[in-house]
Amino acid sequence: MNMPVLRSHQGKEHHIIDYLRSFSIDTIIPEGLLSAAKLITLHKNNFLIMQNSRPLGIYLLVDGMLQISQYDKDGGNIIFTVQNALSVVGDLELFCDDCQHSTFSTVQALQASRVILFPEQALHTSGLNDARFLKFLCQHLAKKVFETSQNKVSMLLTASERLHRYLYIQSMIYGNSFQLIKRETLASMLGISVRQLTRALDNLNRAGMISHKNKSVVIHHAPDNL
């Protein structure tokens with residue numbers, strides 16, 4: 001596996017502040033946590049976290065795209081989700097008493113990305129004592145719970161229905177027109193084969209639900225089962 005090239009920009013706090021300000025969250029980060037934060041650069045295909053490794057803290061994705069997956073005992077890779085900025089990685093492990101100080105998933109950069117690391121010690125001394133920061137983490141945890149519940153519901157749907165539901169939710173986040181992620185990754189997330197995904201895209205396109213060309217998708221109608 002291609003391990004991460006980590007470029008920590010310690011002592012350059014203004015870079016971190018710029019990213020936080022761009023998402024209007026600079027005022028909710030406690031001073032003690034901010035002073036310990038590190039800005040990390042990942043190249044495409046670098047791994048940020050390996051499954052079952054000891055977590056260093058929580059990561060805030062501020063630029064790029066990360067794939068969250070898990071390897072089963074046979075070496076197969078199950079893709080849970082693809083995260084875009086702004087998202088939090090490592091928050092589940094932070095609040096889990098039964099995870100025994102190990103990470104649940106493997107996190108890999110799908111493109112050049114930047115994350116802010118809030119180290120574990122600083123989280124316990126500063127971050128978890130701040131109500132605004134805790135509310136921020138709770139909001140992101142709630143988002144993950146919602147996405148998980150939606151994925152559970154999707155398992156009862158056909159391939160076309162799963163895809164339509166996923167694309168519509170993406171359009172609510174990124175706008176009516178957006179770019180698809182790699183088909184292999186998307187198919188794994190939806191629990192279908194690449195062939196089923198291709199057929200589902202064609203079906204939705206013919207039905208007028210979406211317009212699809214190359215990697216570009218435009219949503220025309222919401223799914224009935226949402």
Side-chain angles (χ1 to χ4, degrees), residues 1-70 79-96 99 101-147 173-174 181 185:
M1 293 182 177
N2 190 14
M3 292 302 291
V5 177
L6 302 182
R7 297 177 180 173
S8 297
H9 299 260
Q10 299 182 59
K12 296 185 179 179
E13 201 172 274
H14 61 280
H15 288 305
I16 293 176
I17 284 291
D18 288 342
Y19 278 116
L20 297 177
R21 283 174 178 163
S22 70
F23 293 103
S24 301
I25 59 170
D26 54 298
T27 59
I28 69 168
I29 309 299
E31 185 176 341
L33 189 57
L34 181 60
S35 64
K38 301 175 183 177
L39 184 61
I40 296 173
T41 298
L42 294 168
H43 296 303
K44 182 179 179 181
N45 295 327
N46 286 161
F47 288 86
L48 176 65
I49 300 173
M50 299 302 297
Q51 183 177 328
N52 297 325
S53 63
R54 180 176 176 80
L56 300 177
I58 63 171
Y59 300 88
L60 194 63
L61 175 63
V62 292
D63 187 30
M65 185 183 297
L66 299 177
Q67 174 180 289
I68 317 295
S69 62
Q70 190 174 75
I79 300 173
F80 293 142
T81 185
V82 171
Q83 297 288 332
N84 296 277
L86 176 74
S87 62
V88 179
V89 176
D91 45 348
L92 293 176
E93 288 83 354
L94 180 66
F95 293 108
C96 176
C99 60
H101 304 291
S102 63
T103 55
F104 296 125
S105 307
T106 293
V107 181
Q108 184 179 19
L110 294 182
Q111 61 188 49
S113 302
R114 278 196 164 184
V115 299
I116 297 172
L117 168 63
F118 296 122
E120 186 177 21
Q121 183 176 354
L123 285 165
H124 288 290
T125 57
S126 299
L128 299 185
N129 297 319
D130 187 278
R132 291 181 300 175
F133 183 70
L134 278 174
K135 181 180 179 181
F136 169 74
L137 291 183
C138 288
Q139 289 171 333
H140 281 266
L141 282 169
K143 178 183 175 183
K144 291 178 181 179
V145 172
F146 173 74
E147 290 176 348
I173 301 171
Y174 302 113
I181 59 177
T185 301

* Would you mind reporting whether Leu110 and Lys44 have side-chain heavy atoms less than 4.5 Å apart? => no
* Indicate yes or no: at least one non-hydrogen side-chain atom of Gln83 is less than 4.5 angstrom from one of Ile68. => yes
* Taking the side chain from Thr106 and the backbone from Gln51, do they hold a donor-acceptor pair closer than 3.5 Å? -> yes
* pair Gln108-Asn45: side-chain heavy atoms closer than 4.5 Å -> yes
* Minimum heavy-atom distance between Phe23 and Ala85, given as atom pair plus value -> CZ-CB, 3.7 Å
* Check salt bridge (Lys or Arg N to Asp or Glu O under 4.0 Å) between Asp63 and all other residues, then give those that pass, not counting sequence neighbours. => none
* To do: Flag the pair Tyr59 / Leu48 as yes when at least one side-chain heavy-atom distance between them is below 4.5 Å, and no otherwise.
  => yes
* Steps toward side chain to side chain contact (heavy atoms under 4.5 Å, CB included) verdict (Val89, Ile58) -> CA-CA 6 Å; Val89 176; Ile58 63 171; over 6 Å; no
* Asked: Does a side-chain heavy-atom distance below 4.5 Å link Arg114 with Ile40?
  -> no
* Considering the options Leu66, Val62, Leu60, which one meets the side chain to side chain contact (heavy atoms under 4.5 Å, CB included) requirement together with Val115? -> Leu66
* **Tyr19 side chain near Leu86 side chain, heavy-atom distance below 4.5 Å** => no
* **Nearest heavy atoms of Met65 and Gln111, plus distance in Å** => N-CG, 3.7 Å
* Asked: Heavy-atom distance under 4.5 Å between the side chains of Ile116 and Leu20, does that happen here?
  -> yes
* **By side-chain contact (heavy atoms from CB on, under 4.5 Å) - contacts of Leu128 (at least two apart)** => Leu94, Phe95, His124, Leu134, Leu137
* So, the side chain of Ser87 versus the backbone of Asn84: is there a donor-acceptor pair under 3.5 Å, distance only? -> yes
* To do: Report yes if the side chains of Leu141 and Leu92 come closer than 4.5 Å at any heavy-atom pair, otherwise no.
  => yes
* Structure fact -> Here the salt bridge (Lys or Arg N to Asp or Glu O under 4.0 Å) pairs for residues 126-146, sequence neighbours left out, are Asp91-Lys144
* Asked: Closest heavy-atom contact between Leu61 and Ser113?
  -> CD1-CB, 4.2 Å
* Taking all non-hydrogen atoms of both residues into account, name the closest pair between Ala109 and His43 and its distance. => CB-O, 3.6 Å
Side-chain polar contacts of residues 24-34 - donor-acceptor pairs under 3.5 angstrom, sequence neighbours left out - could you list them?
none

* Asked: What pairs with Asn129 under side chain to side chain donor-acceptor pair (under 3.5 Å), at least two apart in sequence or on another chain?
  -> none
* ring pair (Phe, Tyr, Trp, His ring centres under 6.0 Å) involving Phe136 - partner list, sequence neighbours excluded -> His140
